[in-house]
Structures are given as C-alpha cells and as structure tokens.
Amino acid sequence: MPWMFSSLHLRLFSSFFHTWLAVNKLVLLALDLGPLHPRLPLLPFVLCAGLPIKVCRLRQQSQQHPPGAEFLRPCARSALLLSCLAMAYPYTGWLPLYALHYLYCVQIFLTLDLVFSCVMLVSAALMGGASLERQFNAPLAVASLNGFWGRQWNLMAVDLLRESAYEPVRARWGRDAGVLAAFLMSGLLHELLYWYLTLQQPRGEMLLFFMFHAAFQIAERWARAAGLWRPPRAVAYLVVTAFMVVTVSEMFFGPFVRAGTDVRLKEETMAVVELIWGARKYLLRPFRVPSS
C-alpha cells in the first residue's frame with residue numbers, strides 16, 4: 001500500500017498504519033494477544049486494526065473528556081504550531097545543525113500528533129463517541145530515556161512492541177533481553193520504513209540507532225538502581241534532551257538527509273500550509289469573517 005502514494009507523508013503514514021501496525025496486530029490476534037478481539041463488531045475491528053487507535057478500558061472511560069474536546073484541542077494546537085514552523089523554515093539557514101535537527105524532531109511530533117488526533121476524532125465519531133487513548137504524553141519534555149521510550153512517545157507502537165517482543169523474551173531471558181528484543185524489532189521496522197521513504201537499500205543505521213538507545217536505556221536503569229544517576233529534573237532534562245538531539249542528528253537523520261528526504265518533507269509541509277493559507281477566504285466565508 002505505501003507504494004500507492006507519491007507523497008512522502010502519505011507513504012510514511014501508510015507504512016506505519018498498514019505495513020507495521022495492522023500486520024503486527026493481526027499476528028498478535030492469531031496468537032490470542034494484542035488489542036484486537038474476534039468478538040469486536042466489524043467497524044471497530046477494522047478501525048482498530050488499520051489505524052493507530054486503542055479504545056480505553058471501561059474503568060477508564062468515565063475519566064476521559066468528551067471525544068470532541070479531547071481531540072479537537074490537539075488538532076488545533078498542532079496545526080497552528082506546524083504552520084508557524086513551516087513559515088519559519090526559510091529563515092533557519094543560519095541555525096547550527098543540531099538546532100535545525102531539533103526543529104525536525106518538533107515537526108515529526110507535531111505532524112504525528114496532528115494526524116493521530118484527527119484519526120482519533122473521526123474514529124471516535126464513527127464508533128459512537130468511544131473514548132480513545134492518546135498516543136503521546138509530552139514527548140518533548142524528555143528527562144529519562146526509559147520514560148521517553150516507554151511512556152511518552154508513540155504509545156501504540158510501544159504497546160505492540162511490548163506484546164510482540166518485550167514480554168515473550170523477558171519471560172524467558174529477563175528484562176534486559178526483553179528491552180533489546182523490543183528495540184531490535186523497532187530498528188528492523190524502521191529499516192523497512194527507511195526503504196519505503198528513500199527507495200534506497202538500508203545500511204543498518206536505523207538498527208544501530210535503536211540498539212544504541214537500548215543499551216543506554218538499560219544503563220540508565222542500572223545507574224538509577226545503584227543511586228548513581230538521580231540529578232535534579234532540570235539537569236536531567238538538559239542532559240537527556242542533548243543526548244537525544246545528538247544521537248538523532250548523527251544516527252537517525254543522517255540517512256534521510258543524504259537521500260534528500262528531509263528537504264522533500266519540508267517542501268510538502270510548506271506546500272500544505274500555503275494551500276490552506278491560500279484557501280482561507282473560502283474557509284472563512286461561511287462564518288462571514290474577512291480573510292484579510
């Protein structure tokens with residue numbers, strides 16, 4: 001399915017939704033695991049299988065906000081910030097490489113949060129107002145590698161990696177082996193994603209990045225248990241954020257930059273913002289608001 005799209009953004013989301021999530025969920029279903037269940041009605045089953053959504057448990061639903069209020073705010077916030085970022089890109093030529101790559105990280109989060117929130121908004125409406133779990137938890141406030149990869153970033157992928165790789169390996173060989181297995185699987189899936197986006201043969205750099213982070217995540221947990229790493233939160237935020245930016249810049253973005261993928265993604269983002277900005281007078285006309 002990803003090959004159906006010439007847009008890199010659409011190819012990216014198709015790769016993640018269908019090649020990664022849907023196949024993983026169906027394999028787990030065959031093993032009687034994971035978020036899918038054969039007794040689900042057809043529409044919720046299809047939506048939960050093909051999209052990054054997860055229905056909240058019954059005991060959690062009463063604590064959730066109404067779906068419209070819950071997902072409209074993230075949609076509006078991410079759309080606004082992404083528009084500001086796209087308009088700022090032409091003036092970022094003077095920024096150091098790491099600062100520019102940090103903006104890339106922000107763009108990735110805002111894009112994913114916007115798309116996921118829109119998907120959840122539509123899915124909740126189609127399923128009669130079902131409460132759905134948010135997929136991000138303040139991922140830009142990184143104070144711990146364990147917290148980032150386990151409780152802040154792309155929680156749907158985290159749940160599936162936990163079910164399909166971490167738990168089976170941990171049960172047999174221990175927690176550290178489970179962490180390595182989960183990051184190994186994530187690295188291999190990102191190698192596939194790299195191939196879809198760049199049309200170039202992977203070199204193993206995605207795999208190296210995730211295994212490197214797995215090793216440091218294990219080391220961080222050991223250091224905390226031994227009392228060697230308990231800095232103030234502000235210091236932890238600065239250190240871990242610097243670590244993330246440097247490793248992402250050198251190991252994760254490098255292959256995409258060589259292939260020119262970052263330039264194409266920025267161009268697509270700016271084109272969408274310009275399209276919406278150009279159509280503002282038509283969007284505002286029903287509300288009788290002057291476009292100027």
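FYI, side chains are in, hydrogens and waters are out, and symmetry mates aren't considered; it's all heavy atoms of this structure.
- For the residue pair His9/Thr111, the side-chain donor-acceptor check at 3.5 Å is not satisfied.
- Note: the hydrophobic cluster containing Phe136 also contains Val106 (ILVMFWY, side chain heavy atoms under 4.5 Å, direct or indirect links).
- In this structure, His213 has its ring center no closer than 6.0 Å to that of Phe183.
- A chain of hydrophobic side-chain contacts below 4.5 Å, direct or via other Ile, Leu, Val, Met, Phe, Trp or Tyr residues, connects Phe243 to Ile218.
- Two residues are said to be in side-chain contact when any heavy atoms from C-beta on lie closer than 4.5 Å; Tyr102 and Met244 fail this criterion.
- Linking Ile, Leu, Val, Met, Phe, Trp and Tyr residues whenever their side-chain heavy atoms come within less than 4.5 Å leaves Leu265 and Leu199 in two separate clusters.
- A 4.5 Å side-chain heavy-atom check between Phe16 and Ser14 finds every atom pair outside the cut-off.
- Once rounded to the nearest 0.5 Å, the distance linking CZ of Arg77 with CG of Leu80 reads 10.5 Å.
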N/O donor-acceptor pairs under 3.5 Å from side chains in residues 21-40, not counting sequence neighbours:
from  : atom 1 : to    : atom 2 : distance (Å)
Lys25 : NZ     : Cys48 : O      : 2.4
Lys25 : NZ     : Leu51 : O      : 2.8
His37 : ND1    : Arg39 : N      : 3.1

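- Leu114 CG to Gln107 CD: the interatomic distance, rounded to the nearest 0.5 Å, is 11.5 Å.
- Counting only heavy atoms from C-beta outward, the side chains of Ser7 and Glu268 approach each other to under 4.5 Å.
- Val119 and Pro52 get closest at one heavy-atom pair: CG1-CD, 4.3 Å.
- Counting all heavy atoms, side chain and backbone alike, Ala143 lies closest to Arg233 at CB-NH1, 3.8 Å.
- For Trp94, the CH2 atom is loosely surrounded, since the number of other residues' heavy atoms within 6.0 Å does not exceed 12.
- With sequence neighbours excluded, no residue forms a side-chain hydrogen bond (donor to acceptor under 3.5 Å, both in side chains) with Arg11.
- Cluster annotation: Phe5 is not connected to Tyr196 through the hydrophobic network of ILVMFWY side chains, with a link wherever side-chain heavy atoms come within less than 4.5 Å.
- There is no side-chain donor-acceptor pair under 3.5 Å between Gln201 and Tyr194.
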Item to check | Step-by-step side chain to side chain contact (heavy atoms under 4.5 Å, CB included) determination, Phe252 to Thr247 | outcome: CA-CA 7 Å; Phe252 191 89; Thr247 55; over 6 Å; no
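- In this structure a side-chain-to-backbone donor-acceptor pair under 3.5 Å is missing from Glu205 to Gly254.
- Minimum heavy-atom separation, Ala259 to Gln200: CB-NE2, 3.7 Å.
- Here the closest heavy-atom approach between residue Tyr98 and residue Val245 is recorded as O-CG1, 3.6 Å.
- Ring pair His190/Trp20: centre-to-centre distance below 6.0 Å.
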Next on the checklist: Pair Ser144, Arg224 - check side chain to side chain contact (heavy atoms under 4.5 Å, CB included), show working.
Outcome noted: CA-CA 11 Å; Ser144 164; Arg224 285 184 180 277; 4.0 Å; yes
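- Between Leu184 and Phe210, every side-chain heavy-atom pair lies at or beyond the 4.5 Å cut-off.
- Closest approach of Met120 and Ile53 over heavy atoms only: CG-CG2, 4.0 Å.
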Item to check | Trace of the side chain to side chain contact (heavy atoms under 4.5 Å, CB included) decision for Phe17 with Met1 | outcome: CA-CA 10 Å; Phe17 291 0; Met1 290 185 68; over 6 Å; no
Please report, to 0.1 Å, the donor-acceptor pairs under 3.5 Å made by any side chain of residues 153-163, with sequence neighbours excluded.
from   : atom 1 : to     : atom 2 : distance (Å)
Asp159 : OD1    : Arg162 : NH1    : 3.1
Asp159 : OD2    : Lys54  : NZ     : 3.1

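- Linking ILVMFWY side-chain heavy atoms closer than 4.5 Å, directly or via other members, places Leu100 and Val263 in two distinct hydrophobic clusters.
- The CG atom of Leu10 sits 8.0 Å away from the CZ atom of Phe13 when rounded to the nearest 0.5 Å.
- The CE atom of Met206 lies 8.5 Å from the CG atom of Leu193; values are rounded to the nearest 0.5 Å.
- Glu220 contributes a side-chain N or O that, together with a main-chain N or O of Leu145, makes up a donor-acceptor pair within less than 3.5 Å.
- Side-chain contact between Asp176 and Trp222: present, with at least one pair of heavy atoms (C-beta onward) separated by less than 4.5 Å.
- Using a 4.5 Å cut-off on side-chain heavy atoms (C-beta onward), Val248 and His101 make no contact.
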Checklist entry - Under the side chain to side chain contact (heavy atoms under 4.5 Å, CB included) criterion, do Leu42 and Val46 qualify, and how do the steps go? => result CA-CA 6 Å; Leu42 178 60; Val46 172; 3.9 Å; yes
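- Between Asp113 atom CG and Ser78 atom OG the span is 3.5 Å, to the nearest 0.5 Å.
- Distance alone, capped at 3.5 Å, places no donor-acceptor pair between the Arg221 side chain and the Asn146 backbone.
- Considering every non-hydrogen atom in both Ala88 and Thr92, the closest pair reads O-CG2, 3.2 Å.
- Contact check for Leu85 versus Leu81: no side-chain heavy atoms found under the 4.5 Å cut-off.
- No close placement of the Trp149 and Phe216 rings is indicated, their centers lying 6.0 Å or farther apart.
- Residues Thr261 and Phe253 fail the side-chain proximity criterion, which asks for heavy atoms closer than 4.5 Å.
- Taking the charged nitrogens against the carboxylate oxygens, Glu267 and Arg264 have no contact shorter than 4.0 Å, which rules out a salt bridge.
- The distance from atom CG of Leu208 to atom CE of Met251, rounded to the nearest 0.5 Å, is 3.5 Å.
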